[in-house]
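Remarks on the structure that follows.
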Protein chains: 2
Amino acid sequence: MARTQGSHSDITGPKVREAALRLFARHGYAAVSMRQIAGEVGVQAGALYNYTPDKQSLLMDLMKGHMDELIAAWEHQSSARDPMAALEQFTRFHIRFHSKRPEAVFISYMELRNLNPENFIVIEALRRTYEDVLADILRAGVNKGEFSVPEPKVAAMAVIAMLTGVNTWYRDEGRLSLAQVEEIYWGMVRKTVAA
Amino acid sequence: MARTQGSHSDITGPKVREAALRLFARHGYAAVSMRQIAGEVGVQAGALYNYTPDKQSLLMDLMKGHMDELIAAWEHQSSARDPMAALEQFTRFHIRFHSKRPEAVFISYMELRNLNPENFIVIEALRRTYEDVLADILRAGVNKGEFSVPEPKVAAMAVIAMLTGVNTWYRDEGRLSLAQVEEIYWGMVRKTVAA
DNA sequence: GATTTAACTGAACATTCGTTCAAATCAATC
DNA sequence: GATTGATTTGAACGAATGTTCAGTTAAATC
C-alpha cells in the first residue's frame with residue numbers, strides 16, 4: 001500500500017474543488033467544461049474522476065459545503081442573548097461570512113437550477129434552515145416588543161436579501177472598509193425592524 | 001413582393017423571444033440549446049437565424065429590452081413630488097414591475113456573465129441608471145431632512161436588493177397578495193431610511 | 001393561375017461535451 | 001532495487017453544440 005500519506009490526491013483533490021469554485025462562479029456551471037477545470041488544476045480531464053463521480057457532484061459538493069459551513073459557523077458563534085443583540089450579531093456575521101467567500105455565495109445563489117431534483121431539495125432545506133434563524137430572532141423581538149414586523153418570515157427574507165446584496169458591489173479595495181459597511185447595514189437593519 | 005403584412009415572421013419572431021425568455025430563465029443561457037428553443041417554437045433550429053444573428057444577440061435583446069422597459073416605465077409614471085412620496089412610488093413601482101416579469105428579471109440578474117464585453121457594458125450602464133434614480137431620491141430626502149442615510153448609493157443598493165428579493169419567494173397563488181406585499185415592504189423601506 | 005419571395009427544412013460543418021478505460025507513471029514500502 | 005498500488009495520461013466514445021446554406025414550401029400579389 002504505497003503513498004497513503006501526503007499523496008498527490010491530498011493536493012489535487014482540493015485543487016479540483018478550488019478550480020471548479022472559481023470557474024463556476026466566473027462563467028457558470030453549464031458554461032464550464034471538465035477540461036477547463038482540469039486545465040486549471042494542471043491535469044488531464046480523466047484525472048478529475050478520481051475526485052468526483054461526475055460534474056453534478058462537483059457542483060453539489062461546493063454548494064452543500066458552503067451551506068453546511070454557513071450554518072455551522074453561525075451555530076458556533078451564536079450566543080443566546082436578547083433579540084436586539086442577536087439581530088446585530090446576525091447582521092454582522094452574515095456580512096462578514098458572505099464577503100469572505102464571494103464565489104461560493106455566488107454559486108449557491110445562481111446555480112440552484114443546475115442541481116438535479118434530489119440535490120435541489122437538500123440545498124433548499126439548508127437555505128430554509130438559515131432563513132429561519134433570522135425569522136426566529138425577529139419573532140422573539142416582536143414578542144418582547146422590541147421589533148415591529150407584520151410578517152417575520154417576509155422581513156427575514158428582506159433583510160437577508162439586503163445583506164447578501166453587499167456582495168454585488170463591495171470590493172476590498174473600495175472606498176468603504178468592511179467594518180464601515182457593517183456599521184451602515186446594521187444601522188439600516190435596526191431601523192427596518194424597529195418598533 | 002409577397003407576404004409583407006401579417007406574415008409568419010410576425011408570429012414566429014415574438015415566439016422565439018418568448019421561448020428563449022422562458023428557457024433561459026428556467027435552465028440558464030449556457031444550458032439551453034438553439035434546438036431546444038426551436039422545439040418550443042415548433043420550428044427547426046436553422047429558422048431561428050431569420051430572427052436573430054446568433055444566440056448571444058438573443059440574450060442581449062432580452063436583457064436590453066427588459067432594462068429599457070424598466071427605465072421607460074419608471075420615467076413614464078414618475079411624477080415629481082417630495083422625496084417621501086417619490087420613495088413610496090419607487091418602492092411600489094419596483095415590486096409591481098418586477099413581480100410581473102419574473103423571467104426577465106431573473107435573466108437580467110443571472111446572465112450578466114454570459115454577455116460579451118461590449119454588451120455587458122451597455123447593460124451595466126442601464127442598471128446604474130436605474131440605481132441612481134433611487135440614490136437621487138434618497139439624497140433629496142437627506143437634503144430635506146426627511147431621510148437619514150450615511151451613504152445614499154449604498155442605501156439605494158440595499159433597498160433595491162431588498163425589493164428585488166421579493167421575486168425569490170412571492171407567488172401569485174401564495175398567502176399574501178401583491179398589495180399586501182407592497183404594504184409590508186413600503187413599511188420596511190420607510191423605516192430603513194427614516195430620519 | 002402564374003409569379004414572387006418570405007419562411008422554413010433538413011442535412012451538413014467542425015467543435016466540443018461528459019465520461020470511460022487500458023496503459024503508463026511514479027512515489028512509498030519492503 | 002524490486003514491488004505495489006495510487007495517480008495520471010491520452011485516446012476514444014457517442015452525443016450534442018452553434019451556425020450555414022442549398023433547396024423546398026407556401027402565401028400574397030399580379
Side-chain angles (χ1 to χ4, degrees), chain A residues 1-24 26-63 107 111 113-117 119, chain B residues 1-21 23-24 26-63 107 111 113-119:
Chain A
M1 194 203 318
R3 212 173 348 179
T4 52
Q5 290 176 353
S7 69
H8 281 184
S9 72
D10 292 350
I11 309 253
T12 309
K15 274 174 91 175
V16 169
R17 283 186 290 278
E18 285 159 23
L21 184 76
R22 184 167 49 248
L23 289 171
F24 288 168
R26 183 128 51 194
H27 307 292
Y29 172 77
V32 172
S33 71
M34 294 300 268
R35 283 170 182 81
Q36 278 178 66
I37 298 171
E40 287 265 305
V41 174
V43 101
Q44 294 297 314
L48 298 182
Y49 290 84
N50 291 321
Y51 305 100
T52 182
D54 48 36
K55 194 186 175 189
Q56 167 75 200
S57 302
L58 202 44
L59 176 61
M60 178 58 176
D61 287 348
L62 293 174
M63 293 181 66
I107 289 173
E111 302 297 355
R113 62 189 168 183
N114 284 312
L115 291 175
N116 66 32
N119 286 340
Chain B
M1 192 204 314
R3 210 170 354 177
T4 52
Q5 288 176 354
S7 68
H8 281 184
S9 71
D10 290 351
I11 310 254
T12 308
K15 274 174 90 175
V16 169
R17 282 186 290 279
E18 285 159 22
L21 184 76
L23 289 171
F24 287 168
R26 182 130 51 196
H27 308 292
Y29 172 76
V32 172
S33 71
M34 295 299 269
R35 282 170 183 81
Q36 279 178 66
I37 298 171
E40 288 266 307
V41 175
V43 103
Q44 294 297 314
L48 299 181
Y49 291 84
N50 290 319
Y51 305 99
T52 183
D54 48 37
K55 195 186 175 189
Q56 168 73 203
S57 302
L58 203 43
L59 176 61
M60 177 58 175
D61 286 347
L62 292 174
M63 293 182 66
I107 289 174
E111 302 296 356
R113 61 191 167 182
N114 285 310
L115 290 175
N116 67 31
E118 55 260 50
N119 285 341

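Letters A, B, ... mirror the listed sequences (proteins, then strands); counts begin at 1.
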Side chain to side chain, A:L48 and A:L58, heavy atoms closer than 4.5 Å
no
Within less than 4.0 Å of OP1 or OP2 of D:dT7, is there a side-chain N or O belonging to A:T12?
no
How close or far is atom P of D:dT19 from atom CG of B:N50, stated in whole angstroms?
14 Å
Side chains of A:I37 and A:R35: closer than 4.5 Å at any heavy-atom pair?
no
Rounded to whole Å, please give me the gap between NZ in B:K15 and P in C:dA7.
14 Å
Please report the distance, rounded to the nearest Å, between CD1 in A:I11 and P in C:dA28.
11 Å
Within-4.5 Å side-chain heavy-atom neighbours: A:M63 and A:L59
yes
Do you know the tightest heavy-atom contact between A:V16 and A:V41?
CA-CG2, 3.7 Å
Quick tally for nucleotides 13-20 of chain C: nucleotides whose base has a protein heavy atom under 4.0 Å get B, sugar-phosphate-only ones S, the rest -, giving ----BBBB
Is there a side-chain contact between B:R113 and A:H27 in this structure, where contact means two heavy atoms from C-beta onward sitting under 4.5 Å apart?
no
Spacing of A:L48 atom CG relative to D:dT7 atom P, expressed in whole Å:
14 Å
For nucleotides 22-24 of chain C, give me every protein contact, N/O to N/O, under 3.5 Å, one pair per line with atom names.
none

Quick one: does B:L115's side chain get under 4.5 Å of B:Q56's, heavy atoms only?
yes
Quick one: B:Q44 CD to C:dA12 P, roughly how many Å, whole number?
14 Å
Could you state the CD1-C1' distance from B:I37 to D:dG18, rounded to the nearest angstrom?
11 Å
Quick one: which of A:R17, A:K15, A:R22, A:R26 gives a salt bridge (Lys or Arg N to Asp or Glu O under 4.0 Å) with A:E40?
A:R22
pair A:E18-A:L21: side-chain heavy atoms closer than 4.5 Å:
no
